[in-house]
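Note that the structure is a prediction, hence the values are computed from the model and not measured. The first residue of the sequence shown is numbered 1, and numbering continues consecutively from there.
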Amino acid sequence: MKSFNIVIFVSLGLLSVSEAVAQSQLRLSQAECRDMAIAHSESLQQADNKVQQAQLDSKIATSAYLPKIEGSATGTYLLPDIDMMGSELRMRGTYMAGISLTQPIYTGGKINTAKHLARIGQEVAGEQHRMTRMEVLADADNAYWTYLAVDRKVRMMESYCEQMDTLFRQTEAALAVGMATENDLLRIEAKRSEIRYQLQKVQNGADLCRLSLCQLIGADFSTQIEITDQAIATSEAGPLSADISERPELHLLEKQVDANRQQIRMAKADLLPTVGLTAGYTYYGNIKLNSTVDMGGGILYPYTQEFRDGIGLAMLAVKIPIFHWGENRKKVHKAQYDLQNAELELQKNKRLLDIEVQQAIRNLQDGYRLIHTAEIGLQQANENLRVMRNRYAAAMAPLTDLLDAQSQWQQAESNLIEAQTQYKIYETEYLRVTGRLE
């Protein structure tokens, strides 16, 4: 029975270990990487919260059009009693309860301006959300293609190591029959050590890229990621537009100009009169008046009168600013300067955005040309390596030529990997700077 329990325990333990291993493996495509990055991004969640806050601000601004209804209750215990020409006014436990309604009629345009500002705030929050989402997508693509590039370099270096191991064994066998020299074997051994060193560096870089990708998509740092897009499809970009009208940064600058215009209206509203209507009803009680009444013959009869009643109130209030030492006009001038600064900021940053788009277009065009150049270089390196292998096998070329051909092949393969993945990053950046990264 004990052995049976042990078998079950070990089986469950192995099952849990296998499940943990299975959970630590993740096959990831570019689309899945984007989705996971969006779902995990704290910055995007904060942008969502700001959108919700902006919607609440708009509702708050709308409520300013509506009347405000308030209730109040007051209890008073006053000592000593108040002497009123021989009578005593007693307010021990006096209470008052009422309800009031306040309706703004004219506020100089402040309510309308506040509503416009709230609407601008909603639009700003939406553009900030778009901008944050594009940044998250750009970071996801950058991390994804960088990891793919380094992972392909690892496999390329592993293939290079296998080639050198094969060459070492062949040379070792040739040395045994006198067909190679000890110096040849030492050269190959030194090259093998150099390649292993490079392989270890690339593996370390790949692990750092994997950790960065895990952090971005919210995966555990122990997760091993397998990229599914091993074949990188690249095609020459068609006509590239330099239009930045969809750029959220540009929209944010324009909204800042609109907001400053509304601030001028808000400052001017302080120069105008305001009109408001107030209506209310108050009920009071437990106010007592103690006194005496002369009944004749020197007889004083005490009596108490309690006051308990309600009072209604309706009031129209008009407030007109007359003289504030020019404070309000100075506020208007200050708001006008803020508007000018916002317009200048828009002009300056619009030029910078144009430059950014032009740079992205040039990077994309140059990136595609680099791919074409790297492909030609790899074809030449492959052919050169094939020829050198045949010549070396036929003892028609020295070992150094073969090693040089292998190094050239390794460099050409690395160049093509970098050119292809960098082009994909340039594609994403171009879409981001034109406001079309979705």
Side-chain angles (χ1 to χ4, degrees), residues 34 37-38 41-62 109-142 239-270 330-364 425-438:
R34 284 184 168 192
I38 288 174
S41 173
E42 293 89 352
S43 298
L44 201 53
Q45 293 172 15
Q46 290 176 334
D48 287 332
N49 292 337
K50 289 180 179 179
V51 170
Q52 299 297 327
Q53 287 178 324
Q55 293 176 352
L56 292 174
D57 287 338
S58 180
K59 293 179 180 178
I60 292 171
T62 302
K110 279 191 174 182
I111 295 179
N112 289 332
T113 304
K115 180 63 178 176
H116 288 310
L117 285 171
R119 177 181 52 79
I120 293 173
Q122 275 189 284
E123 295 170 352
V124 166
E127 292 299 328
Q128 287 177 336
H129 186 277
R130 280 188 63 226
M131 182 177 66
T132 304
R133 189 175 189 275
M134 289 183 186
E135 291 173 352
V136 171
L137 291 176
D139 291 342
D141 283 0
N142 197 333
L240 299 174
S241 171
D243 182 22
I244 61 171
S245 60
E246 295 300 319
R247 187 81 181 264
E249 290 88 341
L250 178 64
H251 292 172
L252 288 173
L253 291 168
E254 291 172 345
K255 297 304 175 187
Q256 183 62 45
V257 173
D258 291 341
N260 279 281
R261 289 196 182 101
Q262 297 301 323
Q263 291 294 346
I264 293 176
R265 292 183 58 188
M266 187 71 76
K268 288 181 177 179
D270 290 333
K330 292 182 177 66
K331 289 181 179 179
V332 173
H333 292 322
K334 180 181 177 182
Q336 289 172 342
Y337 282 121
D338 288 337
L339 174 60
Q340 293 178 11
N341 289 335
E343 291 173 340
L344 292 172
E345 191 73 15
L346 172 61
Q347 294 176 12
K348 180 183 73 173
N349 285 280
K350 189 175 181 180
R351 290 194 297 270
L352 295 176
L353 294 177
D354 287 331
I355 293 174
E356 194 174 20
V357 172
Q358 294 297 331
Q359 183 64 47
I361 292 175
R362 178 164 297 183
N363 287 340
L364 201 56
I425 294 174
Y426 285 153
E427 277 186 333
T428 300
E429 181 63 11
Y430 169 72
L431 292 175
R432 187 191 70 83
V433 299
T434 54
R436 296 187 286 119
L437 181 60
E438 299 295 343

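Judged by distance alone, the side chain of S58 and the main-chain N or O of Q55 form no donor-acceptor pair under 3.5 Å.
Of the inter-residue distances, the one linking M266 atom CE with L117 atom CG reads 5.0 Å to the nearest 0.5 angstrom. Between the CG atom in L352 and the CG atom in L250 there is a gap of 12.0 Å [rounded to 0.5 Å]. The CD atom of Q128 sits 12.0 Å away from the CG atom of D48 when rounded to the nearest 0.5 Å. Atom-to-atom distance recorded for Q256:CD and Q263:CD is 9.0 Å, nearest 0.5 angstrom. Between atom OH of residue Y426 and atom CG of residue N142 there is a gap of 10.5 Å, rounded to the nearest 0.5 Å. The CG atom of L137 sits 9.5 Å away from atom OG of S41, with the distance rounded to the nearest 0.5 Å.
A salt bridge links D258 with R261: at least one charged nitrogen is closer than 4.0 Å to a carboxylate oxygen. Under a 4.0 Å N-O distance rule, the pair R432/E427 does not qualify as a salt bridge. We find that E356 and R247 are joined by a salt bridge, their nearest charged nitrogen and carboxylate oxygen being less than 4.0 Å apart.
Residues passing the salt bridge (charged side-chain N to carboxylate O under 4.0 Å, His left out) test with D270 are K110, sequence neighbours excluded. For E127, the side chain to side chain contact (heavy atoms under 4.5 Å, CB included) partners two or more places apart in sequence, or in a different chain, are R130, P248, H251, L252.
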- Task: Let me see the working for L44 and H129 under side chain to side chain contact (heavy atoms under 4.5 Å, CB included), right down to the final yes or no.
- Result: CA-CA 7 Å; L44 201 53; H129 186 277; 3.9 Å; yes
- Item | Test side chain to side chain donor-acceptor pair (under 3.5 Å) applied to E345 and N341, step by step | CA-CA 6 Å; E345 191 73 15; N341 289 335; over 6 Å; no
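Heavy-atom contacts from other residues, nucleotides or ligands closer than 6.0 Å to CZ of R436 number more than 12. Around the NZ atom of K350, the shell of radius 6.0 Å holds no more than 12 heavy atoms that belong to other residues, nucleotides or ligands.
A 4.5 Å side-chain heavy-atom check between I425 and D141 finds every atom pair outside the cut-off. Side-chain contact between I60 and D57: present, with at least one pair of heavy atoms (C-beta onward) separated by less than 4.5 Å. At a threshold of 4.5 Å between non-hydrogen side-chain atoms, the residues V257 and L339 count as touching. No side-chain heavy atom of N349 sits less than 4.5 Å from a side-chain heavy atom of E249. Here the side chains of T434 and I244 are not in contact, with every heavy-atom distance at 4.5 Å or above.
In plain terms, the two heavy atoms of G121 and A54 that are nearest each other are O-CB, 3.7 Å. The two residues A61 and A114 make their nearest non-hydrogen contact at CB-O, 3.9 Å. A360 and V433 make their closest contact through CB-CG2, 3.6 Å (heavy atoms, listed as atom of the first residue, atom of the second, distance). Nearest heavy atom pair, residue L253 against residue L346, reads CB-CD1, 3.6 Å. Among all heavy-atom pairs drawn from I120 and K255, the shortest one is CG2-O, 3.7 Å. Here the shortest heavy-atom pairing between T428 and A138 reads CG2-CA, 3.7 Å.
Side-chain contact, D243 with S241: no donor N or O sits under 3.5 Å from an acceptor N or O. Q359 and N363 share a side-chain donor-acceptor pair at under 3.5 Å.
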